[in-house]
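Here is the structure we will look at.
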Amino acid sequence: MGLTNNAVGKHAVDSGLEIKKQTPEDKVVALAGNPNVGKSTVFNSLTGMNQHTGNWPGKTVANAQGYCKSKKNSYVMVDIPGTYSLMAHSKEEEVARNFICFGEPDAVVVVCDATCLERNLNLVLQTIEISERVVVCVNLLDEAKRKNIKIDLKELSRKLGIPVVGTIARKKNTLAELMQAVDEVLVESKEFKPLRITYPELIENAIGMLEPLVESKAKGHMNARWLSLKLLDQDESLVEEIQATLGEGFLADRELQETLQEVREYLTANGLDSDKLKDQIVASLVIAAEKVCEDVVIKETKTYNAFDHRIDRVITSRWAGYPIMLALLAVIFWITITGANYPSELLGNGLFWIQDRLTEFFHYIGAPEWLHGMIVLGIYRVLAWGVSGMFPPMAIFFPLFTLLEDVGYLPRIAYNLDCPFKKCCACGKQALTMCMGFGCNAAGIIGCRIIDSPRERLLAMLTNNFVPCNGRFPTLIAIITMFFVGFSESLGASILSALLLTCVILFGIIMTFVMTRLLSKTVLKGVPSSYTLELPPYRRPQIGKVIVRSIFDRTLFVLGRAVAVAIPAGLLIWVMANVNISGISLLNHCATFLDPFAKLIGLDGVILMAFILGFPANEIVVPIILMAYMAQGSLLELESLAEMKQLFVAHGWTWITAICTMIFSLCHWPCSTTLITIRKESGSMKWVALAVLIPTAVGIVVCAIVANVGRLFL
């Protein structure tokens, strides 16, 4: 995806990235850096945009743009995905590499972590091979100070030959010097002599043989030395981008092809094949980074990160890691359950008050009852149910989840679950996407972008539905309360409810592992890929930003998709409940037809039909059951769970029905929003079909086993 800062070329249009300048004089600055270095925080502080900051590689999966001004100029800042290297191994890293290499930014700011500078310099050294207009931002100086690490910024700048600035991104006043350095590079046009990486003699000879010809053919569009090295490296994805940028004629040039072949034969004859060449290039970068850090990074004590290590020894240990994860999960569910009740009721009352006003309006204008029923009692009421049921739990769960992410705990979860997922021939990062699925399965599917391997990404998408989203919590909680906990409002009852819910969810996690293993041995065969997962330092969470961004980036995004699908579904539900054949509604006709099969799996026809009609939003499953049992024409709610239990028992519910309904709620087809997301992320209806069939088949089989075994004890 070649990218240009004027966004006029065909390749720029294809990439989807258009640089929007406020004035023609604006300079484009790429903001690069490893994951977890505070790059997005720098971006937020400079531009005033609250771009969400993630804690694992690839969290930022798109280029975000913002505007900022210095004393001398105005800039368009482009926050590109976090990457450890320009030798890309994932789609996100390719986006970062392509913008730096081919996007022609006026300058590149590389953000580094002061607590692990040597590793971060790998990206810096690769960047200065491409461009001379580079500024290094050494961020997190406060954490470095806490760990007794000192950075000699002046010496680092002298060794690298480019401006180096120290910052604490959370403190906006520390970024003024950074913008001053950018001004020096772009406005004042100060000349800098970036450090030149010296490679082994064979590689240097090869570059020398190829560079003059490449320089004449590229005509100044790219750094000839770097381009020569990349042509020797034979990175296929990078070669495609070079061809897209310089034109097909560049690589097809006969003289260039002959010279390139001669140079490769020279390297091979001297025992340097493609793999060894890459190894020596990487080794040279590592050695250069080590030399630069000599006398620059001073660690006053060997136990500078002892606090983090002490915590990690506990929460990543075999004996404590899993219990702590489950305990935190139970606490989050308890807070979500107890905290969402009142807001849900308040929001529901408000939305249904609007419904009453809409009813008055339709009666005032003399609208026919069927029109009032379709629009108000059908479409609007389903929307009201969905929004009042989904929004409060998500508004609580997502910030809690994001706080764990912000403080640095989620990468530890991925670390703990890496071994189980590896045994399932999957990627440990799937643990992160599974956690996101607790808030919303659609969000979990989007989160699968952090997994590099296409095979492992599909494994994560196809099994994400086994962990229940917030939409299924109301059904699970209601059944647990009615049949297993009781109607007490005491603290003990709420804790017991949270523990039982955690047990149900633990079953879903186990099914995730089982089905991941089964799929990896059948439909999606393969071996698990290796990956680097950084355990970032523990940090104080930015609570205000977490709340705002989790609501806007996740909650409202998911809610918007659910609303779009709930509108036609509300109309369908009303039609089925109000169109009668022989005095019986279509809904009950369908329920009667499904009843024999439903009884085999411990349900009844009404319950199964409710799950089918609950396709747009799982929150409306229980209201549809009530509507069918009470032969009403629209969704309704009883005054208390005690009344609901009486109604259910009167229609044949037992503890077996309750357990099978919870299992089927956990294991059935994903909601419409999730399926739409799977279609967009996978690009194929085949995977959408499998996403429907796999959990549904599992739910039917497990429910049938539980129902038939349970009946032996009745």
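- Residue Leu476 comes nearest to Pro468 through the heavy atom pair CD1-CB, 4.1 Å, listed as atom of the first residue, atom of the second, then distance.
- Scanning for side-chain contact (heavy atoms from CB on, under 4.5 Å) contacts around Thr502 gives Ala330, Phe333, with sequence neighbours left out.
- With 3.5 Å as the limit, one finds a donor-acceptor pair spanning the side chains of Thr463 and Gln430.
- The structure places SG of Cys116 at 7.5 Å from CG of Asn34, a figure rounded to the nearest 0.5 Å.
- Although no hydrogens or angles enter the test, the distance criterion places a donor-acceptor pair under 3.5 Å between the side chain of Asn139 and the main chain of Val37.
- The closest donor-acceptor contact from the side chain of Asn441 to the backbone of Asn464 lies under 3.5 Å.
- What you find for Ile445 and Met461 is that their closest heavy atoms are CD1-O, 3.4 Å.
- Contact between Tyr409 and Met325 at its shortest, heavy atoms only, is OH-CG, 3.2 Å.
- A donor-acceptor pair is defined here as one N or O able to donate and one able to accept, closer than 3.5 Å; such a pair exists between the side chain of Arg517 and the backbone of Lys423.
- Checking side-chain atoms of Lys39 against main-chain N and O of Ile80 turns up a donor-acceptor pair under 3.5 Å.
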ask   = Given the rule in the side chain to side chain contact (heavy atoms under 4.5 Å, CB included) test, do Phe466 and Val514 qualify, once you have shown the distances and angles that lead to the verdict?
value = CA-CA 11 Å; Phe466 284 105; Val514 171; over 6 Å; no

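- Here the straight-line distance linking atom SG of Cys425 with atom CG of Leu519 works out to 11.5 Å at 0.5 Å rounding.
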request  = Evaluate the side chain to side chain contact (heavy atoms under 4.5 Å, CB included) criterion for residues Val78 and Phe43: first the C-alpha distance (whole Å), next the side-chain angles of each, then the deciding distance (0.1 Å), finally the verdict.
outcome  = CA-CA 8 Å; Val78 181; Phe43 175 77; over 6 Å; no

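- Remark: Asn122 engages Ser85, Gln126, Leu285 in a side-chain contact (heavy atoms from CB on, under 4.5 Å) (not counting sequence neighbours).
- The CD atom of Glu456 lies 11.5 Å from the SG atom of Cys448; values are rounded to the nearest 0.5 Å.
- Under the side-chain hydrogen bond (donor to acceptor under 3.5 Å, both in side chains) criterion, Asn465 pairs with Arg472, not counting sequence neighbours.
- Looking at Phe484 and Ile659, their side chains come closer than 4.5 Å, going by heavy atoms from C-beta outward.
- Side-chain contact annotation: Asp113 with Asn120, donor-acceptor N/O pair under 3.5 Å absent.
- Among residues two or more places apart in sequence or in another chain, the side-chain contact (heavy atoms from CB on, under 4.5 Å) test is passed with Ala610 by Val621, Ile624, Ile625.
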Would you list the atom pairs, donor with acceptor, under 3.5 Å between side chains in residues 685-705 and any protein atom, with sequence neighbours excluded?
from, atom 1, to, atom 2, distance (Å)
Thr696, OG1, Trp669, N, 3.2
Thr696, OG1, Val692, O, 2.7

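- Among all heavy-atom pairs drawn from Leu459 and Ser520, the shortest one is CD2-N, 3.9 Å.
- Residues satisfying the side-chain hydrogen bond (donor to acceptor under 3.5 Å, both in side chains) criterion with Ser684, sequence neighbours excluded, are absent altogether.
- What you find for Cys667 and Phe507 is that their closest heavy atoms are SG-CE2, 4.2 Å.
- Note that CG of Leu501 and CG of Leu506 are 11.5 Å apart. Values are rounded to the nearest 0.5 Å.
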ask   = Between Met662 and Ile480, does a side chain to side chain contact (heavy atoms under 4.5 Å, CB included) hold up when you go through it step by step?
value = CA-CA 9 Å; Met662 286 195 295; Ile480 288 172; 3.6 Å; yes

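- Residues passing the side-chain hydrogen bond (donor to acceptor under 3.5 Å, both in side chains) test with Asn416: none are found, sequence neighbours excluded.
- Listed by chain and number, the residues in a ring pair (Phe, Tyr, Trp, His ring centres under 6.0 Å) with Phe611 are Phe664, His668 (sequence neighbours excluded).
- Rounding to the nearest 0.5 Å gives a distance of 9.5 Å between CD1 of Ile601 and CD1 of Ile607.
- Looking at residues two or more places apart in sequence or on another chain, you find a side-chain contact (heavy atoms from CB on, under 4.5 Å) between Cys671 and Asn618, Thr673, Thr674.
- When all heavy atoms are compared, the tightest approach of Cys137 to Val109 is CB-CG1, 4.0 Å.
- Atom CG of Asp312 is separated from atom CZ of Arg412 by 4.0 Å, given to the nearest 0.5 angstrom.
- The main-chain N or O of Thr661 is never found under 3.5 Å from a side-chain atom of Ser665 such that the two would form a donor-acceptor pair.
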ask   = Can you check side chain to side chain contact (heavy atoms under 4.5 Å, CB included) on Val407 and Leu403, steps first, answer last?
value = CA-CA 6 Å; Val407 82; Leu403 282 173; over 6 Å; no

